[in-house]
There are 2 protein chains.
Amino acid sequence: MEVITLKDIAKALNLSTSTVSRALRDSYEINEKTKKLVAEYAKKVNYRPNPIALSLKDNKSRAIGVIVPEIANNFFSQAINGIEDEAYSRGYHVVICQSHESLEREKENLRHLFERRVDGILISLSGKTKDIKHILEYSESNFAVVFFDRVPESSGFHKVVADNFSGAFAATEYLIQQGKKRIAHITSPLTLSITKERLEGYKKALEKHGIVVDNELIKYCGFDPEEAKATINDFINTQKPDAFFTCSDRLALHCYEAFQSRKDEMPADTPFFGFTNLNVSHLFSPKLSTVVQPAYEMGARAAKILLDQLESKRKVKDFEKIVLETYLKIS
Amino acid sequence: MEVITLKDIAKALNLSTSTVSRALRDSYEINEKTKKLVAEYAKKVNYRPNPIALSLKDNKSRAIGVIVPEIANNFFSQAINGIEDEAYSRGYHVVICQSHESLEREKENLRHLFERRVDGILISLSGKTKDIKHILEYSESNFAVVFFDRVPESSGFHKVVADNFSGAFAATEYLIQQGKKRIAHITSPLTLSITKERLEGYKKALEKHGIVVDNELIKYCGFDPEEAKATINDFINTQKPDAFFTCSDRLALHCYEAFQSRKDEMPADTPFFGFTNLNVSHLFSPKLSTVVQPAYEMGARAAKILLDQLESKRKVKDFEKIVLETYLKIS
DNA sequence: AAAAATCCTGAAAACGATTGCATAAATTAA
DNA sequence: TTAATTTATGCAATCGTTTTCAGGATTTTT
């Protein structure tokens with residue numbers, strides 16, 4: 001694959017590079033005959049502008065960056081598909097980075113993307129990210145950032161999230177309608193916004209149906225499998241809930257696994273609900289029902305907002321927060 | 001985040017950009033005092049060389065590209081983790097692209113990566129890729145390419161694959177040892193190298209145990225869920241095998257799903273084996289046992305070969321084919 | 001026929017970094 | 001004292017592209 005530059009074309013046609021450049025961009029200054037000549041030759045030799053030279057010149061790249069905790073997660077890989085479809089259809093490329101739930105990696109990703117002059121980024125925060133100072137450094141100097149899924153509390157950013165409250169509410173209500181009264185709620189650390197919203201949904205559903213919220217049935221749990229296992233075991237040993245509702249995509253599998261390993265000690269109809277996009281949950285036994293987030297759409301919407309912002313002339317001052325509906329997948 | 005260039009440093013210290021550049025690269029030509037001065041100032045203002053300018057100058061990027069059919073697949077996301085760890089530890093970045101099993105997308109990915117001057121690529125071919133003409137175009141002009149998992153027949157490339165024969169052999173033998181005699185083999189199209197190798201493992205295991213190969217028990221199947229369903233149904237309706245062995249990561253789930261939906265019509269102890277890195281297979285019921293490929297290691301090894309090649313002076317002439325062991329995950 | 005307007009085209013600078021070459025200043029040798 | 005050598009630094013070209021400015025050639029207006 002030979003690389004052709006403007007200079008090569010100029011030399012071959014006995015023109016200057018400036019003329020060739022202008023001809024290819026269909027400048028009014030160039031003679032029609034010259035334009036045609038250049039266009040045909042460029043096509044023949046399969047000329048493609050060097051994107052690196054353009055990036056250097058324009059200080060942008062027609063590429064956007066994505067930072068997610070991990071790609072080995074259906075939710076995020078579906079979101080990435082949404083992002084890619086939106087971006088590609090508008091002529092942008094997508095650079096994917098994984099933070100692996102590490103703040104350090106997240107910072108490195110950010111720096112890398114910024115240095116590589118991506119035009120903006122989409123980010124779902126790592127589990128270890130407590131504040132967004134490292135992001136503000138960039139966003140303050142006019143670097144476009146859109147958050148999705150795991151978003152910061154701070155205002156002043158575009159955000160795309162799922163309706164966590166309603167999702168949790170619907171799942172809890174479903175369990176109540178199945179006749180369950182002691183529904184265990186296992187969720188992520190309270191520092192995350194998603195945790196609070198989901199917890200609120202859970203509580204409101206109980207209240208609506210006249211069930212007193214029992215704080216013993218609510219446990220916060222980190223992303224470590226052992227911790228999840230201990231949490232579930234503790235529930236089974238002491239509180240004996242009649243249903244489980246795990247409110248974190250990462251947690252769902254760990255908890256479910258511990259739950260399954262002790263299924264013989266529980267009534268066969270003990271339902272287990274997760275808040276996850278795991279796409280094989282219906283194949284599990286006992287059943288794993290889930291609250292599903294519109295991951296693809298979240299990615300696509302977030303990308304759309306970012307690209308709209310990039311392509312708009314004026315600086316955005318009113319930030320959007322898009323809230324997308326979840327739905328239940330009952331297995 | 002303010003962007004500092006060599007020029008800024010030069011201006012601030014009243015030096016020329018060349019002196020600053022040389023001082024930062026610790027050139028012997030520069031006075032120690034000047035070096036220290038420059039180093040300290042650069043550190044203070046957090047100077048970082050513009051990678052785009054370097055790419056333009058050097059025609060390389062210290063980044064490698066990865067093309068996989070899709071990232072929403074445990075095998076590939078694990079492989080990518082291996083690739084990233086190897087690459088990052090050696091100071092390279094990784095650009096991930098998905099072909100979505102489309103030859104067109106694969107070509108676009110290739111062109112994009114090449115234009116962006118990645119120093120080389122790692123690729124697992126799309127399901128629609130029948131030949132590698134599009135790849136030869138690039139590799140022939142000295143663009144480093146290493147294949148992994150789905151590799152072409154052609155020699156003249158570095159390749160990293162799993163020992164498909166042994167994996168299939170071991171799985172088949174295991175089923176035989178469980179007393180199964182009519183083992184259905186559902187596999188991908190015969191055009192893929194993995195198909196042939198796995199089929200061979202299946203046959204040899206039967207032969208070793210004195211079981212005649214019954215061609216009625218072997219079916220080739222594409223990646224369409226409906227096709228998988230039809231294949232399984234057909235087996236259950238007519239051949240009534242006493243075990244299933246699906247030999248393609250993509251196929252496993254589709255086939256298993258069809259199998260599960262009819263489990264009541266089959267003996268409860270009908271085993272189902274897949275050739276997949278699905279990491280939740282042990283949670284399924286009926287059991288889904290699998291042949292697992294060392295995905296992380298495949299990625300890491302492939303990346304190592306690519307980077308070694310990039311960093312070696314001389315052109316490689318003897319191409320390696322690394323074959324990694326698989327293992328059985330019995331559920 | 002001279003002046004003005006129009007039409008094309010090219011030279012050069014810019015983006016940020018590296019590097020071969022030139023050179024001024026300081027030191028040493030003759 | 002002059003020439004040769006060393007030391008430390010700067011100039012300018014390069015990578016590929018876009019774009020401002022300038023100017024030559026042609027045509028139109030007076």
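Convention: sequence-line order gives letters A, B, ...; per-chain numbering from 1.
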Between Glu32(B) and Lys36(B), is the closest basic N to carboxylate O distance under 4.0 Å?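 Glu32(B) and Lys36(B): not salt-bridged.
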What I want to find out is whether Arg90(A) reaches Asp308(A) closely enough, with some N-O distance under 4.0 Å, to be called a salt bridge.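 Yes, Arg90(A) and Asp308(A) are salt-bridged.
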Given atom [atom1] of [X] and atom [atom2] of [N], what is their separation to the nearest angstrom?
X	N	atom1	atom2	value
Leu6(B)	dC15(C)	CG	P	13 Å
Leu13(B)	dA8(D)	CG	P	17 Å
Leu24(B)	dT19(C)	CG	C1'	15 Å
Ile30(B)	dG20(C)	CD1	C1'	14 Å
Asn50(B)	dT18(C)	CG	P	10 Å
Leu37(A)	dC8(C)	CG	P	15 Å
Glu32(A)	dC8(C)	CD	P	9 Å
Ile9(A)	dT9(C)	CD1	P	16 Å

Please work out if [X] contacts a base, only the sugar-phosphate, or nothing of the nucleic acid, heavy-atom cut-off 4.0 Å.
X	answer
Tyr28(A)	nothing
Thr5(A)	sugar-phosphate
Asn14(B)	sugar-phosphate

Proximity to DNA chain C (any heavy atom under 4.0 Å), residues of residues 51-63 of chain A only: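 Here the set is Leu56(A), Lys57(A).
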Is there a side-chain polar atom (N or O) of [X] under 4.0 Å from OP1 or OP2 of [N]?
X	N	value
Lys7(B)	dC15(C)	yes
Thr34(A)	dT9(C)	yes
Arg25(A)	dT18(D)	yes
Asn31(B)	dA8(D)	yes
Ser16(A)	dG10(C)	yes
Ser18(B)	dG10(D)	no

NZ of Lys35(A): more than 12 outside heavy atoms within 6.0 angstrom?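 Counting other residues, nucleotides and ligands, NZ of Lys35(A) exceeds 12 neighbours.
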Going by the angle between their ring planes, with limits at 30° and 60°, are Phe157(B) and Phe319(B) parallel, tilted or perpendicular?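 The rings of Phe157(B) and Phe319(B) sit tilted, inter-plane angle from 30° to 60°.
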Please figure out whether Val3(A) or Glu29(B) has its closest DNA chain D nucleotide nearer the 5' end.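 The residue whose closest nucleotide sits nearer the 5' end is Glu29(B).
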With DNA chain D as reference, determine whether Thr19(A) or Thr19(B) sits nearer its 5' end, using the nearest nucleotide of each.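 This one resolves to Thr19(B).
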Here's a test for you: under side-chain contact (heavy atoms from CB on, under 4.5 Å), which of Lys159(B), Glu86(B), Glu320(B) qualifies with Ile305(B)?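 Testing each of Lys159(B), Glu86(B), Glu320(B) against Ile305(B), the sole residue satisfying side-chain contact (heavy atoms from CB on, under 4.5 Å) is Glu320(B).
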Among Leu15(B), Val20(B), Leu13(B), find the one that has a side-chain contact (heavy atoms from CB on, under 4.5 Å) with Thr34(B).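 Among Leu15(B), Val20(B), Leu13(B), the one that satisfies the side-chain contact (heavy atoms from CB on, under 4.5 Å) with Thr34(B) is Leu15(B).
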Contact between Lys128(B) and Glu104(B) at the side-chain level, heavy atoms closer than 4.5 Å - yes or no?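 A side-chain contact under 4.5 Å is absent here.
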If only side-chain N and O atoms count, and only distance matters, is there a donor-acceptor pair under 3.5 Å linking Ser126(A) with Thr129(A)?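 Distance-only check passes for Thr129(A) and Ser126(A).
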Side chains of Asn81(B) and Glu70(A) only: does a donor on one sit below 3.5 Å from an acceptor on the other?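 Result is no, nothing qualifies.
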Have a look at the helix from dA1(C)-dT30(D) to dA30(C)-dT1(D) and give the angle its two end axes make, five pairs each, rounded to 10 degrees.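 Both end axes considered, the difference amounts to 80°.
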Side chain of Arg22(B), base of dG10(D): donor and acceptor closer than 3.5 Å?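 Yes, a donor-acceptor pair under 3.5 Å.
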Within this structure, what is the CD1-CG distance for the pair Ile64(A) and Asp119(A), rounded to the nearest 0.5 Å?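 If I round to the nearest 0.5 Å, the distance is 9.0 Å.
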